Amino acid sequence: MRLLIAGGAGYVGSTLIPRLLDRGYLVDVVDLFWFGNHLPTETGIINKDIFDLMVEDLVNYDQVVFLAGLSNDPMAEYAPNKNFIYNAAAPAFLAYIAKKAGVKRYIYASSCSVYGYTDNELFDESCPVSSSYPYGISKLQGEQAVMNLADDKFSVIALRKGTASGYSPRMRFDLIVNTMFKCAVRDQRITVNNPSIWRPILSTGDAANAYIRAIEASEKISGIFNIASGNYTVGEVADVVAAAVEEMLGIRVVLEIKHMRDFRNYKVSVEKAKNVLSFHPNHDVKAIVTNLVQHMRKFED
């Protein structure tokens with residue numbers, strides 16, 4: 001099977017693609033490589049903007065996976081215009097030409113951010129979405145656009161992922177567990193702006209597993225699926241990270257707890273993904289920290 005991964009040089013793609021190659025897939029990546037290329041040498045490289053692709057560029061692919069776009073709230077707030085272009089219009093355009101090219105399945109990297117702010121309720125995929133800020137709105141727009149294209153000959157799967165964390169060859173430190181780990185090791189201090197806020201956390205390993213389950217699902221399956229390793233309050237994440245860093249590295253970490261208001265608060269059920277895609281998460285927050293400790297030498301700077 002031949003796969004095209006849009007945005008595959010990013011944080012999740014750099015973890016996923018080695019796994020796909022190990023399973024015998026032929027993998028090409030279309031990316032602008034803003035953050036470098038950390039992919040295996042056998043990966044096919046297409047250094048191109050998604051909007052420069054044409055139908056004929058996609059005719060040889062069985063599936064297309066969209067991992068591209070601006071990947072977090074600060075980037076979206078910094079450039080809302082680019083956010084709506086690359087998180088909403090780009091996935092819609094790529095899905096449209098993929099369907100015209102005869103691609104059998106399109107997998108979209110959606111986000112649990114579409115749920116916005118919820119009051120202590122476990123949300124499944126049938127619950128209302130209510131995001132009111134650029135990143136969440138754009139991810140929902142992209143999701144709605146690609147799902148509209150699904151039919152009997154074109155499977156579309158949207159994965160509403162929790163906040164990814166853990167080691168990747170293309171490392172990031174702007175994600176909750178990674179940020180806390182960095183601050184714990186470098187500053188011996190973790191600042192928690194609001195300990196009561198809920199977040200679904202997703203390890204990079206579980207994220208890769210979710211995409212593999214989607215790629216290998218029955219061709220008759222389409223739909224939206226929540227994907228997370230587990231739900232945690234931000235305060236609990238800090239406690240687990242601090243305890244794990246002290247246990248594994250011998251570093252005593254001080255917690256600074258604030259009570260600032262946050263416009264994102266959500267926890268999600270992954271039962272649908274378990275029952276339909278056979279996605280079963282393997283990692284909790286302590287396992288994510290263990291993964292970071294094991295790879296520390298690769299990002300000591």
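Values below: all heavy atoms of this structure, side chains included; hydrogens, waters and symmetry mates excluded. Model, not experiment: these values are computed from the prediction.
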Taking the six-membered ring of F279, is NZ or CZ of K274 closer than 6.0 Å to its centre and within 45° of its axis?
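No, K274 does not sit over the ring of F279.
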
Does NZ or CZ of R172 lie under 6.0 Å from the centre of the six-membered ring of Y11, at an angle within 45° of the ring axis?
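Yes, cation above the ring, under 6.0 Å and within 45°.
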
Can you sort out the partners of [X] under side chain to side chain contact (heavy atoms under 4.5 Å, CB included), two or more places apart, ordered by chain and number?
| X | result |
| --- | --- |
| K153 | D151 |
| S130 | none |
| E236 | Y232, T233, V240 |

Do [X] and [Y] come within less than 4.5 Å of each other through their side chains, counting heavy atoms only?
| X | Y | result |
| --- | --- | --- |
| I224 | Q144 | no |
| V64 | L94 | yes |
| D124 | E271 | no |
| P195 | H259 | yes |
| L277 | I221 | yes |
| R160 | S111 | no |
| L3 | L26 | no |
| E256 | V192 | no |

Side-chain donor/acceptor of [X] to backbone N/O of [Y], under 3.5 Å:
| X | Y | value |
| --- | --- | --- |
| S168 | M171 | no |
| N178 | G166 | yes |
| K139 | A109 | yes |
| N265 | T118 | yes |
| E125 | N226 | yes |
| N194 | S196 | yes |
| D28 | L4 | no |

Hey, any chance [X] and [Y] share a hydrophobic cluster, counting ILVMFWY side chains that come within less than 4.5 Å of each other, even indirectly?
| X | Y | value |
| --- | --- | --- |
| V276 | V65 | yes |
| L53 | L32 | no |
| I17 | I50 | no |

Can you name the closest pair of heavy atoms from G136 and V114 and give their distance?
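Minimum heavy-atom separation between G136 and V114: O-CG1, 3.9 Å.
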
Of all heavy-atom pairs between G142 and P91, which one has the smallest distance, and what is that distance?
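Scanning both residues completely, I find the closest heavy atoms to be CA-CG, 4.0 Å.
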
Under the ring-ring contact (aromatic ring centres under 6.0 Å, His included) test, residues paired with [X] that sit two or more places apart:
| X | result |
| --- | --- |
| F35 | none |
| Y266 | none |
| Y96 | none |
| F123 | Y115 |

Using 4.0 Å as the upper bound for N to carboxylate O, is an ion pair formed by [Y] and [X]?
| X | Y | answer |
| --- | --- | --- |
| R105 | E219 | no |
| K267 | E121 | no |
| D62 | K104 | yes |

Would E216 and Y25 count as a side chain to side chain donor-acceptor pair (under 3.5 Å) here? Give the steps.
CA-CA 11 Å; E216 297 178 354; Y25 293 110; 2.8 Å; yes

Is the number of heavy atoms from other residues, nucleotides or ligands under 6.0 Å of Y78 OH greater than 12?
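Not more than 12 within 6.0 Å, no.
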
Under 6.0 Å from the NZ atom of K100, do we count more than 12 heavy atoms belonging to anything else shown?
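Not more than 12 within 6.0 Å, no.
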
Where does the angle between the aromatic ring planes of Y167 and F299 fall among parallel (under 30°), tilted (30 to 60°) and perpendicular (over 60°)?
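The rings of Y167 and F299 lie parallel, inter-plane angle below 30°.
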
If you look only at pairs with a residue in [range], which of them pass as a side-chain hydrogen bond (donor to acceptor under 3.5 Å, both in side chains), with sequence neighbours excluded?
| range | value |
| --- | --- |
| residues 241-253 | E247-K286 |
| residues 31-60 | D49-Y86 |
| residues 291-301 | none |

Please determine which of H280, H283, R19 meets the side-chain hydrogen bond (donor to acceptor under 3.5 Å, both in side chains) test together with N209.
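Exactly one pass, corresponding to R19.
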
Scan side-chain atoms only and decide if [X] and [Y] contain a donor-acceptor pair under the 3.5 Å cut-off.
| X | Y | result |
| --- | --- | --- |
| E143 | S110 | yes |
| D174 | N72 | yes |
| S14 | R170 | no |

Drop me the distance from [X]'s [atom1] to [Y]'s [atom2], to the nearest 0.5 angstrom.
| X | Y | atom1 | atom2 | value |
| --- | --- | --- | --- | --- |
| E77 | L70 | CD | CG | 12.0 Å |
| T204 | L16 | OG1 | CG | 10.5 Å |
| S113 | Y133 | OG | OH | 4.0 Å |

Show your reasoning for whether side-chain contact (heavy atoms from CB on, under 4.5 Å) applies to L149 and Y106.
CA-CA 10 Å; L149 293 168; Y106 188 88; over 6 Å; no

With R199, which residues qualify under salt bridge (charged side-chain N to carboxylate O under 4.0 Å, His left out), at least two apart?
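For R199 the salt bridge (charged side-chain N to carboxylate O under 4.0 Å, His left out) partners, ignoring immediate neighbours, are D262.
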
Given a cutoff of under 4.5 Å between side-chain heavy atoms of I, L, V, M, F, W and Y, with clusters grown through shared members, what are the other residues clustered with F84?
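Besides F84, the hydrophobic cluster comprises I137, listed by chain and residue number.
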
